Amino acid sequence: MHQADLVFTHGPVHTGDGARTRASSLAVTGERITAVGHDEVRELIGPKTQVIDLRGKLLLAGFQDSHIHAVYGGVELAQCDLTGTTGVDEYLRRIREFADDHPERPWITGGGWSMESFDGGLPTRQLLDSVVPDRPVYLLNRDHHGAWANTRALELAGLTRQSPDPADGRIEREPDGTPSGVLQEGATGLVARLVPPTSAAERLAGLLRAQALLHSLGITGWQDALLGEFNGQPDPSDAYFAAARDGSLTARVNGALWWDRDRGAEQIPELADRRAALRHGRFRADSVKIMQDGIAENFTAAMSSPYLDACGCATANSGLSFVDPVALRSYVTALDELDFQVHFHALGDRAVREALDAVEAARAANGRRATRHHLAHLQVVHPDDVPRFARLGAIANIQPLWAAHEPQMDELTIPFLGPERAAWQYPFGSLLRAGATLAAGSDWPVSSPDPIAGLHVAVNRTEPGATDGRVFLPEQRLDLASAVAAYTAGSAHVNGLDDTGSLRVGQLADLVVLDRDVFAAPAEEICAARVLRTYVGGALVYSAE
């Protein structure tokens, strides 16, 4: 009998295997799991075996993030960081301090401000001018669908009251038409194109900074949701490829190549060439990202009926479909035929329907292929479309952290959707009951990349630490096992990593050890759990001990 390299004993071990959900011991030889069971696994312990006594701590498959922007997130960690607060005075203090600490920077960049901090979700250029009047400032908001610019940045971009809105965005304005300092969606590119691009070295450093953070949160793999140039942001693909080639990429990464919404099917051969070129070691780019709509908070998510105004009356705006929905069907059919996975951004109920219609067209033309198309975000889903996910084999890619009462939801979303549509938000439970496959992710740096926080909200439908007792659509809660499956096996399925996501013999030993058995504790305490160790292919990539 062979000797294992690594043996975990005195579990619990949550296997994620439907035939046997619990074990107490697990053995690893090389990169793979070679035994799962109980005391008999100890027979594989030899003189060179490393033995980890779990002492009741939980071992489970490594988390995977099905929708994340890791390089962007890592780069932003080195810029002006406005996350973790909603105080306007604190924003201004941090911006002034960052500018003072970096006199050499021609632009002040970063972000993470929250729309809830400002009346109507709209800060002003004058606020930024009060702390940095002499250099351009460009700060993305928390969801990265809008940006806050000072007067100097707007002047450099040539934006005046005569400047038209781009087709895919909006310039917020003062009463006389002067740009007010907020740019929505595609309008962000009007200023972003002037921001000095990050260098290849800065992008690689950002990736490695992000990877260390994600491993510390138990994440062993992810799908990067945007590989390409977008709104003035450089393509992060080179960072992944460089890290894969030099061995510093320890995570397993699938990338989603950006679909240029100003172009059509003529870009498909280029995407196929990029897929072939971007493949090395633990990195590949087998997906195509199509952003079908915007977000609800700035009224660009595509809805099947108009948004309401502050008085509850219907407006003339139903949001934006960035890709013509009829053309979308032919694009997705062509991509599907080339074995590309399509990764949709679909947030409003009209965008969800348009994406599902495109998947349905591809299935009708090409048959049921193993392309694993998935729809990310799914904020508003019409009840008629919930059963279509299972029927079409379209995966529901959920971002659980957003499914809770918080100011952006309560003040900037629910009143403008109205009660009927507000009740269709983040229907995780309905999707699961209808047979959909769930994958889970964070959209970091839009929101925290911490899977434990995401699990907490998926199960409780309340934010970690919430004390007001309000549960957001409680019938859409997931049980913990299903939520864990979404963050492990579900995301592994989306990422095409079929030998990860569960703890079975022959699977890759991508593992995480938590400091407690979350299955044995009350649901409201899930968020208290912490990651102690993370392994990828049996190699320790993070330890808190």
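All of these numbers come straight from a predicted model, not from anything done at the bench.
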Does anything in [range] form a salt bridge (charged side-chain N to carboxylate O under 4.0 Å, His left out)? List the pairs, not counting sequence neighbours.
range: residues 45-66; answer: none
range: residues 16-25; answer: R22-D517
range: residues 27-37; answer: E31-R282, R32-D499
range: residues 396-406; answer: R142-E406

Exercise for the section: Determine whether the aromatic ring centres of H69 and H144 lie less than 6.0 Å apart. Expected result: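 Aromatic pair excluded; centres sit 6.0 Å or further apart.
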[X]: partners by side chain to side chain contact (heavy atoms under 4.5 Å, CB included), with sequence neighbours left out:
X: N141; value: W113, M115, D143
X: V471; value: R461, T462, P474, R477
X: D81; value: T83

Exercise for the section: Any pair with a residue in residues 451-480 that passes ring pair (Phe, Tyr, Trp, His ring centres under 6.0 Å), sequence neighbours left out, goes on the list, sorted by first then second residue, please. Expected result: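 Applying ring pair (Phe, Tyr, Trp, His ring centres under 6.0 Å) to every pair that reaches into residues 451-480, excluding sequence neighbours, yields H405-F472.
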Practice task
Would you list the pairs meeting ring pair (Phe, Tyr, Trp, His ring centres under 6.0 Å) in which at least one residue belongs to residues 481-540, sequence neighbours left out?
Solution key: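 For residues 481-540: F8-Y535, H14-F519.
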List the atom pairs, donor and acceptor, that lie under 3.5 Å between side-chain atoms in residues 389-397 and the rest of the protein, sequence neighbours left out.
residue	atom	partner	partner atom	Å
N397	OD1	S66	OG	2.7
N397	OD1	Q399	NE2	2.9
N397	ND2	S66	O	3.1
N397	ND2	S66	OG	3.4
N397	ND2	H374	ND1	3.0

Problem - With sequence neighbours excluded, residues passing side chain to side chain donor-acceptor pair (under 3.5 Å) with H38 - result: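 Applying side chain to side chain donor-acceptor pair (under 3.5 Å) to H38 gives S24.
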Handout entry: Counterpart residues, ring-ring contact (aromatic ring centres under 6.0 Å, His included), relative to H382 (two or more places apart)
Key =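 So H382 forms a ring-ring contact (aromatic ring centres under 6.0 Å, His included) with W424.
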